Amino acid sequence: KYINENNYIGLVSYSNDVRVDLPIGEFDLDQKSYFQGAVDRMSAAGGTATYEALSVALEMVKEKKAELPAAKTMIFLLSDGYANGKYSLGDITYAVKEEAIPIYTIGYTAEADMDSLGQISEINEAVSINADSEDIVYKIKSLFNSNL
């Protein structure tokens, strides 16, 4: 509810593999409906291919940026911070820097590895927040308001 209709949004989910659940599109009424459906279908299972998912998300954002060169781009990553896919932080750091897309990380469990998530966010000077805090809704709302 904090995302405006003039923004564009997509959704990538991951476990052992990576899925594009929703290609990036204008957040109109249809896209909102598709987004909600994609979120409702998500479930936690399997591994944590975080860096593979970031690679896919980076490519999606890069392609949309080519269509909309004036767009302000960013990625929001929800994770426990424990990646166990075949890629590492070192494998994606250059691409993240090259595209200059900030990645805002949100640790969604009490045991989240906030140090690992912070390293991802620090690449392009974004922030990392812990969803375990009492004011998480306020923090996410503030991120959306200041960045979207």
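As the structure is a computational prediction, the values presented were derived from the model and not from experiment.
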Are the side chains of [Y] and [X] in contact, using a 4.5 Å heavy-atom criterion?
X: Ser128; Y: Met114; value: yes
X: Phe27; Y: Glu5; value: no
X: Asp80; Y: Glu111; value: no

Could you tell me whether a side-chain N or O of [X] sits under 3.5 Å from a main-chain N or O of [Y], the two making a donor and an acceptor?
X: Asn84; Y: Thr48; answer: yes
X: Asn124; Y: Ile101; answer: yes
X: Asp21; Y: Ala38; answer: no

Flag yes if [X] and [Y] sit in one hydrophobic cluster, no otherwise; membership is Ile, Leu, Val, Met, Phe, Trp, Tyr, and two members link when side-chain heavy atoms are under 4.5 Å apart.
X: Val127; Y: Leu78; value: yes
X: Ile75; Y: Leu68; value: yes
X: Val39; Y: Tyr34; value: yes

When rounded to the nearest 0.5 angstrom, what is the spacing between [atom1] in [X] and [atom2] in [Y]?
X: Tyr51; Y: Ile92; atom1: OH; atom2: CD1; value: 6.5 Å
X: Ser79; Y: Ile120; atom1: OG; atom2: CD1; value: 6.5 Å
X: Lys72; Y: Lys65; atom1: NZ; atom2: NZ; value: 10.5 Å
X: Thr73; Y: Tyr8; atom1: OG1; atom2: OH; value: 14.0 Å
X: Leu11; Y: Gln31; atom1: CG; atom2: CD; value: 9.5 Å
X: Leu22; Y: Lys32; atom1: CG; atom2: NZ; value: 13.5 Å

Minimal non-hydrogen separation, [X] against [Y], with atom names:
X: Ser13; Y: Met42; result: CB-CE, 3.9 Å
X: Tyr14; Y: Leu77; result: OH-CD1, 3.4 Å
X: Thr105; Y: Ser121; result: OG1-OG, 2.8 Å

For this session: Compute whether any side-chain donor of one residue and acceptor of the other, for Asp40 and Gln36, lie under 3.5 angstrom apart.
Result: yes
For this session: State whether Arg19 and Asp17 are salt-bridged, where the test is any N-O pair (Lys NZ or Arg NE/NH1/NH2 against Asp/Glu carboxylate O) under 4.0 Å.
Result: yes
For this session: Mind running side-chain contact (heavy atoms from CB on, under 4.5 Å) on Ile103 and Met74 for me, showing each step along the way?
Result: CA-CA 6 Å; Ile103 301 171; Met74 65 200 66; over 6 Å; no
Exercise. Under the salt bridge (Lys or Arg N to Asp or Glu O under 4.0 Å) rule, what pairs show up with a residue in residues 84-105, not counting sequence neighbours?
Worked result: Lys62-Glu99
Exercise. What class does the angle between the rings of Phe76 and Tyr104 fall in, given that below 30° is parallel, 30 to 60° is tilted and above 60° is perpendicular?
Worked result: parallel
Problem set entry | side-chain contact (heavy atoms from CB on, under 4.5 Å) between Ile123 and Leu89, worked out | CA-CA 10 Å; Ile123 295 171; Leu89 179 62; 3.8 Å; yes
For this session: From the options Val61, Val12, Ile9, select the one residue that forms a side-chain contact (heavy atoms from CB on, under 4.5 Å) with Ile24.
Result: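 That would be Val61; it is the only one of Val61, Val12, Ile9 passing the side-chain contact (heavy atoms from CB on, under 4.5 Å) with Ile24.
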